[in-house]
Amino acid sequence: MKHFLRMLIQVCLYFYCKFLWRCLKFVMRKLTGRCELQRICYNTKPGASRTMKIETSLRDSKSKLLQTSVSVHPDAIEKTIEDIMELKKINPDINPQLGISLQACLLQIVGYRNLIADVEKLRREPYDSENPQHEEMLLQLWKFLKPNTPLESRISKQWCEIGFQGDDPKTDFRGMGLLGLYNLQYFAERDAAGAQQVLSDSLHPKCSKFSKAEWEKKRMDKAIGYSFAIVGINITDLAYNLLVSGALKTHFYNIAPEAPTLSHFQQTFCYLMHEFHKFWIEEDPMDIMEFNRVREKFRKRIIKQLQNPDMALCPHFAASEGLINM
């Protein structure tokens, strides 16, 4: 009985608050002469703060047009904005900036949804050793990470040198499918020097760029390495879950002036690899069995950073000029 009453009270509160919110929106429109979308665009700076408010407003609207606008095809965004402005009785000649701002927001919102679909497609595609493209990407990964060491054969214990668990890496891609390979190959190719340094440090942590005095200060005499490729696949899983949960919206809405793409996701993966590497060394675990503890602590740290609406995890990737005055 108590459980039923609690649920009844919660339902009543929900509808009461929803009713109050609609009343408040009606009053604000009468007082300001502007609808909620106008108030958000004119009073909130471009980036995650504005886009997330627009997304919430559209999703929670009682209008079917506004509700479905967050999932339209990118080619239909311009027409959707025209329909929204007509529905809201907004003259585009008097409010030209509103259409531009709404278009920027919708491109990001729709782009984020499409990015999830693209990433999910790669994650669901298994590695196939009979597929020449898959095999070529795997061999390129070796060449980028070990440019001066030829791979003796496709099935080889040498794969352990870059952090795979056995003599055939294909078994390690089961959890994240091709997505893990795509990310590792992107990291190794686009940030070759950084990836090679992280790989070297993961094998010989005490030979990293930290000076002897820094090692002693941080008490890192027992520094433990880790398996580079396996950790890369694990960080791919972290990036994937941050994306699907919506936690990465803050980051992508701040760095991508239009639709976030797979490249933005892979750049974020590179950033997470660098940050996790530094975090692992700072944590100075007793042994590799502490990996899950360190990873969870790192995950919470990233999520906390993403709760800041102004956060951009890797701002050096941002086309920040495009966000100005949109």
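Everything numeric in this text was worked out from a predicted model, so none of it was measured.
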Kindly write out the residues that satisfy side-chain contact (heavy atoms from CB on, under 4.5 Å) with [X], not counting sequence neighbours, or none if the list is empty.
{"X": "I116", "answer": "Y112, L243, V244"}
{"X": "M137", "answer": "L181, Y182, Q185"}
{"X": "K79", "answer": "E82, D83"}
{"X": "I155", "answer": "D167, D168"}

Under the 3.5 angstrom rule, does the side chain of [X] hit a backbone N or O of [Y] as a donor-acceptor pair?
{"X": "Q103", "Y": "E78", "value": "no"}
{"X": "S71", "Y": "T68", "value": "yes"}
{"X": "D172", "Y": "I230", "value": "no"}
{"X": "Q266", "Y": "T261", "value": "no"}
{"X": "N254", "Y": "P309", "value": "yes"}
{"X": "R123", "Y": "G177", "value": "no"}
{"X": "Q158", "Y": "E152", "value": "yes"}

Passes side chain to side chain donor-acceptor pair (under 3.5 Å), D237 versus N241? Steps please. CA-CA 6 Å; D237 176 72; N241 282 292; 3.3 Å; yes

Just wondering, do R154 and P169 contact through their side chains at under 4.5 Å, heavy atoms? yes

Nearest atoms (heavy-atom pairs only) where [X] meets [Y]:
{"X": "L141", "Y": "A188", "value": "CD1-CB, 3.8 Å"}
{"X": "L98", "Y": "M85", "value": "CD2-CE, 4.0 Å"}
{"X": "P126", "Y": "L178", "value": "O-CG, 4.3 Å"}

Residues, nucleotides or ligands: over 12 heavy atoms within 6.0 Å of R174 CZ: no

Within 6.0 angstrom of E296 CD, more than 12 heavy atoms from elsewhere: yes

Rounded distance [0.5 Å steps], [atom1] in [X] versus [atom2] in [Y]:
{"X": "L66", "Y": "S69", "atom1": "CG", "atom2": "OG", "result": "5.0 Å"}
{"X": "E275", "Y": "L313", "atom1": "CD", "atom2": "CG", "result": "8.5 Å"}
{"X": "H264", "Y": "L115", "atom1": "NE2", "atom2": "CG", "result": "9.5 Å"}
{"X": "S57", "Y": "K53", "atom1": "OG", "atom2": "NZ", "result": "11.0 Å"}
{"X": "L242", "Y": "I235", "atom1": "CG", "atom2": "CD1", "result": "9.5 Å"}
{"X": "R295", "Y": "R299", "atom1": "CZ", "atom2": "CZ", "result": "7.5 Å"}

Pairs satisfying salt bridge (Lys or Arg N to Asp or Glu O under 4.0 Å), at least one member in residues 186-195, at least two apart: none

If a pair satisfies salt bridge (Lys or Arg N to Asp or Glu O under 4.0 Å) and one of its residues is in residues 261-272, list it, with sequence neighbours excluded. none

Please name all residues satisfying salt bridge (charged side-chain N to carboxylate O under 4.0 Å, His left out) with E125, sequence neighbours left out, ordered by chain then number. none

Holding to salt bridge (charged side-chain N to carboxylate O under 4.0 Å, His left out), I want the full list of residues that pass it with K146, two or more places apart in sequence or in another chain. E161

Side chains of Q197 and D201: donor-acceptor distance under 3.5 Å anywhere? yes

Are N95 and N91 linked by a side-chain donor-acceptor pair shorter than 3.5 Å? no

Could you pull out all residues at least two apart from [X] that satisfy ring pair (Phe, Tyr, Trp, His ring centres under 6.0 Å)?
{"X": "F228", "answer": "none"}
{"X": "F276", "answer": "F291, F298"}
{"X": "Y240", "answer": "none"}

So, are E120 and R124 salt-bridged, with charged N and O less than 4.0 Å apart? yes

The complete set of ring-ring contact (aromatic ring centres under 6.0 Å, His included) pairs with one or both residues in residues 46-104, sequence neighbours excluded, reads none

May I have the step-by-step check of side chain to side chain contact (heavy atoms under 4.5 Å, CB included) for L306 and H251, ending in yes or no? CA-CA 7 Å; L306 289 169; H251 168 62; 3.8 Å; yes

